[in-house]
Structures are given as C-alpha cells and as structure tokens.
**Q** 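Dropping the structure in here first, questions after.
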There are 2 protein chains.
Amino acid sequence: MAISPLAMKRFRDHLATQGLKLTSQRKAIAEVFFAGDKHLSLLEILDQSKAIQRGIGYATVYRTMRLLTEGGLATEHKFGENQARYEPAIDGEHHDHLICLDCGIIVEFEDDEVEKQQEKHAAANGFSVVSHKHEVYVKCVPGRCRRPGGARS
Amino acid sequence: MAISPLAMKRFRDHLATQGLKLTSQRKAIAEVFFAGDKHLSLLEILDQSKAIQRGIGYATVYRTMRLLTEGGLATEHKFGENQARYEPAIDGEHHDHLICLDCGIIVEFEDDEVEKQQEKHAAANGFSVVSHKHEVYVKCVPGRCRRPGGARS
DNA sequence: GTATATGCAAAATATTTGCACGAAC
DNA sequence: GTTCGTGCAAATATTTTGCATATAC
C-alpha cells in the first residue's frame, strides 16, 4: 500500500506554510490516511497509525484530521452514521458516493452534469458553490451483491 | 402557520397501520413538524412542541422523529453540523439543498437531471437508488446576501 | 384491561478542550 | 531556547435506552 507522495508533499507544504511542525505522529497519521484505504473513521485511523507509531492518542488524530480538513487536504463525511469519516481530498477534484445499504460498499463516481446543475441552481439563487456532498443511498440489485471482505472500502 | 392536513392524515394512517397510538404529545410534535418551518433540530421541535403541549420530554420528541423518519414521513439531515435536523418528506418528492455558509440560509431545489444521473450511476454499478442526500455548500455573491430574520429557514 | 407511550434520569457515543510535559525547528 | 504538539483525562454535546407510571384504544 504505497502512500501518495504527492499528497504527502502537499501535507508538508501546508505545515511549512502555516509554521507548523512535522511530528512523527503527524507523519504516521498522514501515511495511513493517504495510503489509499478510504473513508476511515477517527478510531480506524488511530488504530492503523498506532501500528506505525506506538503511543499515538485519539486527540492527536482528531486534531490532525481537523488540520487536514481545514487545509483542504481531507474531506469529512457522515454517511448516515453519527460518526465522521474522512477521505483524501485531491485538489480540485470531487466525487460523489453511492452507499449500499445492503452490503456497506461505497462506490465513488464523478459527474460533470451534476456539477453543472449545481452551479446553475446556486447562481439562480445568488450564490456561488463552495463545495458539495452528494450521497446516493442504494441497495444491491438481487443477485449482484458483492459483500466486501470485511471492512468498508 | 397552517399545518398540512395531508401530512397529518398520513401520520394518523401510519400510526393506525402499525397499531400505534395517537397521543397528545405526538399530535403536538406533528403539528410543529408539519407546520412548515423546516429543518428543525430536536431541541427546536421540543421547544415549539412544549408551547402546544406542556411537559413534553426530549425522549418523546426523539422517538417520535425516529418513528416519522422510519415511516418515511420525515428525512434526517446533518448539514455539516453534528446535530440532526428534520424536514417533512413529501411522498415521492425529494429535493436538494443549497446551504449558505455566509448567512445560514437553506434554499431547496429540485432537479430531474440530477435524479437521472444518479439512477444511471447506480444502475451502472449494480444498484438501485433508495434515497439520496445532495447538499451544496455555497456563499453569497457579494452584495446579494440576504441574512434571515434570525432562525434558519 | 391491555398494550403502547411518556418522562425522567442514566448510559452510551462522539467530539472537543485544558494543561503539563515533550519534541521540532 | 522558543514555539508548537502530544497524551491524558476531563468536559461537552448528542443520541439512545431502561424502567416505573400514565394513557390511548
């Protein structure tokens, strides 16, 4: 599971710009977070980070994820749960989600048409778009359910 | 602020069907909820309900809203807050939201094109759409900000 | 009269913060 | 050396549930 060097660079840059420090904890958290497994909760990030750097605390993960979120490097979601999940935010790119209520799978998709419509409605109401969340809750077509190995991806 | 008789009827029917009882508390909560002011939080519903029926408790509002949500009469949202807000669900109808980060206004819109695209992506991945949440976070175009009277609408 | 509902208060979840110690720059 | 970061534990915020009593049917 190779971590995106690009994302890591953006992280380093962001820290440097803000006069913040790159600690071993932040490095571990970033490695986990940018490594590819998506939509992790704070606890999941904590667990995986501890495997890299022992002794990391929940609060540090919490604060690091807030840092990433505010810096535009992460996006926070609440997929119908009462728990936040995070995914790497890749620059100007954004995608929407299909969330299967049967098997828990989360599939991402992008759609320019939807983007366009959003802009249109925003403009019509005197707004400009900052960001959006678009979550489509679905169920498996019978016989086509692909339950994941275990964890949600 | 006239309460929708249609919504009320659906509520009564739903209760009857499930063998549930129409209590004075549920009536008060439904009156508040279906009266038109949208996107209320549990506490807001509680407060307004208490004006109609004194002595209502938070747990009752909580359970009633869960009842409505599970029955398809209400939709739960978390507009970036860590607090749930509810809005009446009008049958097959669903709409999306523009949420202004500047002034807090929430504007609703409907878009068949977006619906269509959702269906398309779901089908392409072997799913069928159950429901969706589409929230577009926006900011006011300079000079066109219309800050609300106070409460969010 | 019986089954369901309510209110209270407690428990369970999640998030957020204060503070003394430690680490990065 | 100074500033920022961390971990722990406590404080908040929200949601959820247990249980004895009250109410709709």
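Source: prediction; values computed, not measured. In what follows, every chain begins at residue 1, and chains take the letters A, B, ... in the order their sequences are listed.
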**Q** How far does the helix from C/dG1-D/dC25 to C/dC25-D/dG1 bend, going by the axes of its first and last five pairs, to the nearest 10°?
**A** 40°

**Q** Do side-chain atoms of A/K133 reach the backbone of B/F79 as a donor and acceptor pair under 3.5 angstrom?
**A** no

**Q** Test: side chain to side chain donor-acceptor pair (under 3.5 Å). Region: residues 49-61 of chain B. Which pairs qualify, not counting sequence neighbours?
**A** none

**Q** Just the rounded figure in Å: distance from C1' of D/dA13 to NZ of B/K78.
**A** 11 Å

**Q** Which nucleotides of nucleotides 18-25 of chain D have their base under 4.0 Å from a protein heavy atom (B), which only their sugar-phosphate (S), and which neither (-), written as one string 5' to 3'?
**A** B-----BS

**Q** From CG of B/L46 over to C1' of D/dT15, roughly how many Å is that when rounded to an integer?
**A** 14 Å

**Q** Check side-chain hydrogen bond (donor to acceptor under 3.5 Å, both in side chains) between B/E87 and all other residues, then give those that pass, not counting sequence neighbours.
**A** B/H39, B/H77, B/H95, B/H97

**Q** With a 4.0 Å cutoff (strictly under), does any side-chain N or O of A/R66 reach OP1 or OP2 of C/dT17?
**A** yes

**Q** Rounded to whole angstrom units, what separation is found between the CD atom of B/E81 and the P atom of D/dT14?
**A** 9 Å

**Q** State, yes or no, whether a side-chain contact exists between B/M65 and B/I29 at a heavy-atom distance under 4.5 Å.
**A** yes

**Q** Rounded to whole angstroms, how far apart are CD1 on A/I29 and C1' on D/dG5?
**A** 11 Å

**Q** Heavy atoms, side chains only, cut-off 4.5 Å: are A/T64 and A/Q25 in contact?
**A** no

**Q** Given B/Q117, which partner from the list A/D111, A/D112, A/V136 fulfils the side-chain contact (heavy atoms from CB on, under 4.5 Å) test?
**A** A/D111

**Q** Between B/I45 (CD1) and D/dT14 (P), how many Å, whole number?
**A** 14 Å

**Q** Are OP1 or OP2 of D/dT14 and a side-chain N or O of B/N82 less than 4.0 angstrom apart?
**A** yes

**Q** Start at the 5' end of DNA chain D and walk down; is the nucleotide closest to B/L42 or to A/G57 reached first?
**A** A/G57

**Q** Take atom NZ of A/K27 and atom C1' of C/dA24, then tell me their distance rounded to the nearest Å.
**A** 11 Å

**Q** Reading DNA chain C from 5' onward, which residue's closest nucleotide shows up sooner: B/Y58 or B/G19?
**A** B/G19

**Q** Could I get the full list of salt bridge (Lys or Arg N to Asp or Glu O under 4.0 Å) partners for B/E113, not counting sequence neighbours?
**A** B/K116

**Q** Distance check needed: C/dA14 C1' versus A/E44 CD, whole Å only.
**A** 14 Å

**Q** Could you give the CD-to-C1' distance, from A/Q83 to D/dA13, as a whole number of Å?
**A** 16 Å

**Q** Measuring to OP1 and OP2 of D/dT16, would you say a side-chain N or O of B/Y62 lies under 4.0 angstrom away?
**A** yes

**Q** Given side chains that start at C-beta, do those of A/V107 and B/F127 come closer than 4.5 Å, heavy atoms only?
**A** yes

**Q** Report the residues that fulfil salt bridge (Lys or Arg N to Asp or Glu O under 4.0 Å) with B/D13, sequence neighbours left out, ordered by chain and then residue number.
**A** B/K9

